[in-house]
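Quantities reported herein were computed from a predicted structural model and do not represent experimental measurements. So that the names make sense, note that chain A is the first sequence line, chain B the second, and so on, each numbered from 1.
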Amino acid sequence: MSQFADRLLAWFDRDGRHDLPWQHPRTPYRVWLAEIMLQQTQVQTAIPYYTRFLDALPTLPDLAAADTDRVMALWAGLGYYARARNLHRAAQVCVLEHGGDLPDDFETLATLPGIGRSTAGAILAQAHGQRLAILDGNVKRTLARFHGVEGWPGSSPVEKKLWQLAESHLPDTRLADYTQAIMDFGATLCTRHDPACVLCPMQDDCVARREGRVGQLPEAKPGKPLPERRTLMLWVQDAQGRVLLSRRRGKGVWSGLWSLPETEGADAAREWLARHVAADFDAGEDLPVFEHVFSHYRLHIEPRRWRLSDAGVAEDARVGDNADLRWQPMENLHELGLPAPVKKLLGAPP
DNA sequence: AAGACGGGGGT
DNA sequence: ACCCCAGTCTT
């Protein structure tokens, strides 16, 4: 069934995007960075981050040699920070074990942190022309419609079926263009809302189109209400205009980023302040509560601010890059990766 | 098989 | 106020 690929490639040559930053040149490192950034992030959002990242770290060995805070700062604002940590670790593995390049065989590539089946296929197809399929959100939507596949594409059986279909359409040549084409097609023509079916070169063979079910496919994820959580954010400033930041550890949200210290309630805050900065909880000033929504819960942030009259003190504050706590000058916040709501809070004081 | 993981943009 | 997006990893 190469009709699908032939028509898609013809569409791409005429109507696809050929000016995306990772297309010129289409090197493994550049394609890799693009694929990781484009996981759960739209092209227009990713492009400024992409060009800035590549400008700062032009090659894979540059990335491997960069320190964590630099990488996280370049990623801050994109979200899903495990992508950045995995990218950094994978680059270091490539330098240590693969001569400073990304592996060019699927099995080895897909072993690297952050690179799964789809991303490995995307990299090898685009950078080396290998005949491998991808299955991202755009491809899932396109194939679900074209073949009339029922069910939520995130479920195992549906995903398995879609992988089969994706592989069945692979052309024998032009794999790099085909891979870019099918992603581009889903992003710009076979869109979630108001797809441009009248312009579609495959419309005559599209099951959803023929049966008038374009609006019903693919099926939506079964929904459920978001849980709610609350946290106290402690904004402590010293007389020199520095703010006390804490590096987030573990596997929770914002891992690897610097953020305001958090506690679950006033009692814990009282204790934390006494131990680290000898500040009086009651001397603090409540700032307006605001909300931050994640994909899996809704967070109510209760900020409270202290302005110390002396230079602040804190354990580990002078240890340097590996400390979990540091006094950071307000004017140098851009050096660190801050969670978006924290950046907003510190940058726009009420 | 299901849940965790961020933030921006569209409608 | 929802819904979605160039997925992967962990449990």
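Between atom CG of residue Asp282(A) and atom CZ of residue Arg270(A) there is a gap of 4.5 Å, rounded to the nearest 0.5 Å.
Comparing Pro113(A) and Trp22(A) along DNA chain C, the residue whose closest nucleotide (by nearest heavy atom) sits nearer the 5' end is Trp22(A). Comparing Glu219(A) and Thr119(A) against DNA chain C, the residue whose closest nucleotide sits nearer the 5' end is Glu219(A).
Between the side chains of Asp69(A) and Trp258(A), at least one donor-acceptor pair of N or O atoms lies under 3.5 Å. Of the N and O atoms on the side chains of Glu228(A) and His300(A), at least one donor lies less than 3.5 Å from an acceptor on the other residue. Residues Ser246(A) and Arg326(A) have side chains that never bring a donor and an acceptor to within less than 3.5 angstrom of each other. Using a 3.5 Å distance cut-off with no hydrogens or angles, the side chains of Glu35(A) and Gln126(A) do pair a donor with an acceptor.
Comparing the same atom, P, in dG8(B) and in dC9(C) gives a spacing of 24 Å after rounding to whole Å. Look at the P atom in both dT8(C) and dG9(B): the space between them is 23 Å, to the nearest Å. Atom name P, nucleotides dA6(C) and dT11(B): the rounded distance is 13 Å, in whole Å.
A salt bridge does not link Glu150(A) with Lys161(A): none of the charged nitrogens is closer than 4.0 Å to a carboxylate oxygen. Electrostatic pairing of Asp204(A) and Arg210(A) does not count as a salt bridge here, judged by no charged N lying under 4.0 Å from a carboxylate O. Using a 4.0 Å cut-off between charged nitrogen and carboxylate oxygen, Arg248(A) and Glu262(A) count as a salt-bridge pair.
Note on Gln180(A): a base of the nucleic acid sits closer than 4.0 angstrom, heavy atoms only. Leu112(A) comes within contact range of the sugar-phosphate backbone alone, with a heavy-atom separation under 4.0 Å but no base atom that close. If you check every strand for non-hydrogen atoms under 4.0 Å, Ile134(A) touches nothing. Residue Val139(A) is out of contact with every strand shown, counting any heavy-atom pair closer than 4.0 Å. Across all strands shown, Ala220(A) has heavy atoms under 4.0 Å from sugar-phosphate atoms exclusively, and none from any base.
Taking the six-membered ring where tryptophan is involved, the planes of Phe294(A) and Trp254(A) are tilted, since the angle between them lies from 30° to 60°.
Counting heavy-atom neighbours within 6.0 Å of Asp194(A) CG, excluding the residue itself, gives a total of 12 or less. Within 6.0 Å of CD on Glu285(A) lie more than 12 heavy atoms contributed by other residues, nucleotides or ligands.
Where DNA chain B pairs in unbroken runs of 3 or more (Watson-Crick or G-U, both distances under 3.5 Å), the stems are B:1-5 with C:7-11, B:7-11 with C:1-5.
Extent of DNA chain C lying under 4.0 Å from chain A heavy atoms, first and last nucleotide in 5' to 3' order, is dC4(C) to dT11(C).
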Problem - Contact pattern, 5' to 3', of nucleotides 5-11 of chain B - B, S or - by protein heavy atom under 4.0 Å - result: BBBSS--
